[in-house]
Each structure stands twice: as C-alpha cells, then as structure tokens.
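Proteins get letters first, then strands, A, B, ... in listed order; numbering begins at 1 in each.
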There are 2 protein chains.
Amino acid sequence: MDIAALKNHSEAEKKRRARINAHLDTLRSMVPGTRKMDKASLLAEVIAHLKELKRQATEASEGLLMPLDIDEVKVEQQEDGLHSAPYVIRASICCDCKPGILSDLRQALDALHLIITRAEIATLEGRMKNVFVMSSCKEGDSGDTKVHQFLGGSIHQAFRSILDKFSASQEFLLKSTLSNKRRRFDSFKPSLSSSSGDLW
Amino acid sequence: MDIAALKNHSEAEKKRRARINAHLDTLRSMVPGTRKMDKASLLAEVIAHLKELKRQATEASEGLLMPLDIDEVKVEQQEDGLHSAPYVIRASICCDCKPGILSDLRQALDALHLIITRAEIATLEGRMKNVFVMSSCKEGDSGDTKVHQFLGGSIHQAFRSILDKFSASQEFLLKSTLSNKRRRFDSFKPSLSSSSGDLW
DNA sequence: GTAGACACGTGACGC
DNA sequence: TGCGTCACGTGTCTA
C-alpha cells in the first residue's frame, strides 16, 4: 500500500523537524536574550555569540603567547566589553630575563602614579613577559581619552627605554664574547632552575 | 486575484528558508568539520562547540581571578583540548606576598625534576598567585596516568607545606602584634609600589 | 487585511 | 528497494 509508505514518510519528516527544533531550543537556552526569537534571528545571534566567544578565547590564549626571538613593548587600551571598566590600559613588555629589569619597570610605573590593578610576570625558556593592567590615579581622568593616550605614550616610552637599555648591554656582551649568542640556544629548553634562577 | 497572493506567499517563504540556510552555512564555515553535515548534526556540533568555547572562556577568566581572603593550592590535569599536549599539569598557589616564598617554590619544583613549560607570577593588592604549567621530564611518562597522579600529589603536598609554613609565620606575627591584622586592610588597595615592593 | 513565522505533507534526489 | 535528507508550496496563526 502506498498509503502506509506516505504515512511513514510524513512521520519521519516530523521526527527530523523535531530533532532540529530541539537543538534550536537548546541553543535558545544557551544564548541569553533569544528566548522568544525568530529562528533566523536566533541563528544570527548564535553566530554573533560564537564570534564573541572565539574572540575572547584567542585573546585569552594570546596573553599566554611569548615571542621567543623579538623583544617588544605593547601598550593598548582595553575596552573589556562586559566588565564596564572604562579606559583601562594594558601594557606588556617581552624580552630576555635580565636581573634588575623588574625594579626598573617598577620604578618607571611608580613615577607615573598609576593604579595598578594587576601585575603579571611570566617566564618561559629564558624569556620573560610582564603584563600590567592599570588606570589613571585621578578619578576625573577616567573619561578623558586624551589623558589616557598621553599616559599610554609615557608608558610605552618608559618601557621602550628600559628595553633598549638592557638590549644594549646584551649587544655589548654579544660583541665581547662570541659564546653569548650560542647561549640563547643552549637555554632554549632549560628547566625552571636554569631559566629563572638568575631572575628570582 | 488569489493567484498573485499565493505566489507572494511562496516567495516569501522561500526567502525565509534562504535566510535560515545562509546562517546555517555561516555556522558551517565557523565550526570545523561540519562542511558536509546534516542540518541537525550541524546544530548539535554547534552546540558542542559553543559549550567548549564557553568552558575555555570561563577557564581563562578564572585564571585571572585571585581570592583575596583565602589561601589555596590547586593542582589539576589539563587536557587542553585541541593542542594535543597530553597530560600537562597545572599547579597554582595563591597567598599573601611573602619574600622568600618564590625561592621555596622554585626549590620544590626543582626537586621534582619537571619540565616547566610556563611559570607565571601575578600580584594584586598585596596578594600573589603563581601558576606553573609543567609535565614529566621522562618521555615515557607522558601516557602514564598514575605517574601524573603521583606527580600531582607530590606537587600539591610540596606547595601545601610551603603555604602552611608561611601562614604559620603570619599567625605568629598576628599574635605578637595586633596591628598586623589591620595591615591586611591597609594594603587592600595599595599601588604596585607598596604591594610588590617587598616581593621584588 | 496584510505581512511574517511556523508546522505540515509531498516530490525529488542519493545511498 | 527502503531510508534519510532536503526544498517546496500551502494552511494557519499572530501581530
């Protein structure tokens, strides 16, 4: 009978729709503010959330990345999306582990009279990366973009000069002893003891 | 004419389906390995991906969190999903900034002969949080779960004893001078200069 | 009364 | 041949 086959067909199709809609409902429960949304709009919102989460994830793992060969100073304004913390500056410096560089950094930041909300030191394979999250000391400066741009410039300049100072001393060592360059490869995969022993 | 109305209707429905399918294709392009998947399976995969990204995001922001009042030692195995780095141990210790505790931690880790792939020191408001990402020195241990459980236990024990040692000395100070407890509130929102000056 | 969204059943195509 | 998936047109409901 063709009639029975048709019934099976329609029922199977019904099952299929149910499966899809169930997943759609799951998505509705996962993405906030989509409870009573269009199917299409829901999917659009899912896409947006997916992008946002991906951005956050890569941003978070970016913080873990540490260039092994190039020294760098980065200063950027952190809008921080949801946390409603306006005009927060995030400054980072990545270079070889050098004793004394930490106190230089500390002195430089002290001189700028900032509120340091987070200070992070990471070491990896003889390299170090310092990240500072901070904002201006004065309350009134919070909304002033120009103040933060100036502050960012000052921080960048201060860090840069510290970097130059220490890389200059390294270049001096490089010229005086040829074995120094090799040392960078020797300490390419050291244990913590050799890589951070001088630093701590 | 009813015929024109019907045509509009079907065309509108066609447009709607096109919108939905376009979003579905966008999702396919965003989630790897779903190029030729069922509509339902695709959505299931999207849900899984969304969950995974959410987990990573919360985990990443968790790493930034630092308990202000309670000292803690955490040792956990990090499967790390995509990076195919099996059996990596992540150990963290959070406590008040105390000079000398860093060298104690270093000595403890040195004694265990581990490969430290990442060492991180973060300071915030007079508190410090150290995170170490590491794996066993020996290659053969990589797949051995028991070895890593034992290693994890050893690390936890070592960190715990360091924590106890320093918190014990703090309790001693607490009993000897009443002003000490207040000090914890005095340094609740210090600048970097006062919070990490002793540590560095 | 019209525009948009949804579920339904059906024909078509692939394994 | 059946089984699964898809696109399509239609009926129905709500705003």
| request: Measure the distance from CD1 on B/Ile20 to C1' on D/dC8 and round it to the nearest whole Å. | output: 14 Å
| note | By nearest-nucleotide position on DNA chain D, the 5'-leaning member of B/Lys7 and A/Ala12 is A/Ala12
| In terms of side-chain heavy atoms of A/His9, which of C/dA5, C/dG11, C/dC8 is nearest? | C/dG11
| task | Give the rounded distance in Å between these two atoms: NZ of A/Lys14 and C1' of C/dT10. | result | 15 Å
| query | Below 4.0 angstrom from OP1 or OP2 of C/dA7, is there any side-chain N or O of A/Lys39? | reply | yes
| query | Is it true that B/Asp104 and B/Lys98 make a salt bridge, defined as a side-chain N closer than 4.0 Å to a carboxylate O? | reply | no
| request: Taking only the side-chain nitrogens and oxygens of A/Asn8, find out if one of them lies under 4.0 Å from OP1 or OP2 of D/dG2. | output: no
| request: Give a yes/no answer on whether the side chain of A/Arg19 brings an N or O atom under 4.0 Å of OP1 or OP2 in D/dG4. | output: no
| query | For A/Glu11 and D/dT5, what is the distance between atoms CD and P respectively, to the nearest whole Å? | reply | 15 Å
| request: Considering just the side-chain nitrogens and oxygens of B/Arg16, establish if one lies under 4.0 Å of OP1 or OP2 belonging to C/dG4. | output: no
| task | Between B/Glu13 and B/Ala40, just flag the one whose closest nucleotide in DNA chain D comes earlier from the 5' side. | result | B/Ala40
| said: Without decimals, in angstroms, what is the distance between A/Asp38 CG and C/dA5 P? | reply: 4 Å
| Would you say a side-chain N or O of B/Lys15 is under 4.0 Å from OP1 or OP2 of C/dG4? | no
| task | Report yes if the side chains of A/Ile93 and A/Met128 come closer than 4.5 Å at any heavy-atom pair, otherwise no. | result | no
| query | Quick one: B/Arg17 CZ to C/dA5 P, roughly how many Å, whole number? | reply | 13 Å
| field | Value in whole Å for how far the C1' atom of C/dC6 lies from CG of A/Leu42 | value | 14 Å
| Does the distance from a Lys or Arg side-chain N to an Asp or Glu carboxylate O, for A/Arg55 and A/Glu52, drop under 4.0 Å? | yes
| request: Taking only Lys NZ, Arg NE, NH1 and NH2, and the carboxylate oxygens of Asp or Glu, determine whether A/Arg16 and A/Glu13 approach each other closer than 4.0 Å. | output: yes
| request: Search all heavy atoms of A/His23 against all heavy atoms of B/Ala40 and return the closest pair with its distance. | output: ND1-O, 3.1 Å
| Rounded distance (Å) that lies between atom C1' of D/dC3 and atom CG of A/Leu6 | 14 Å
| note | Rounded to whole Å, CG of B/Leu24 lies from C1' of D/dT5 at a distance of 13 Å
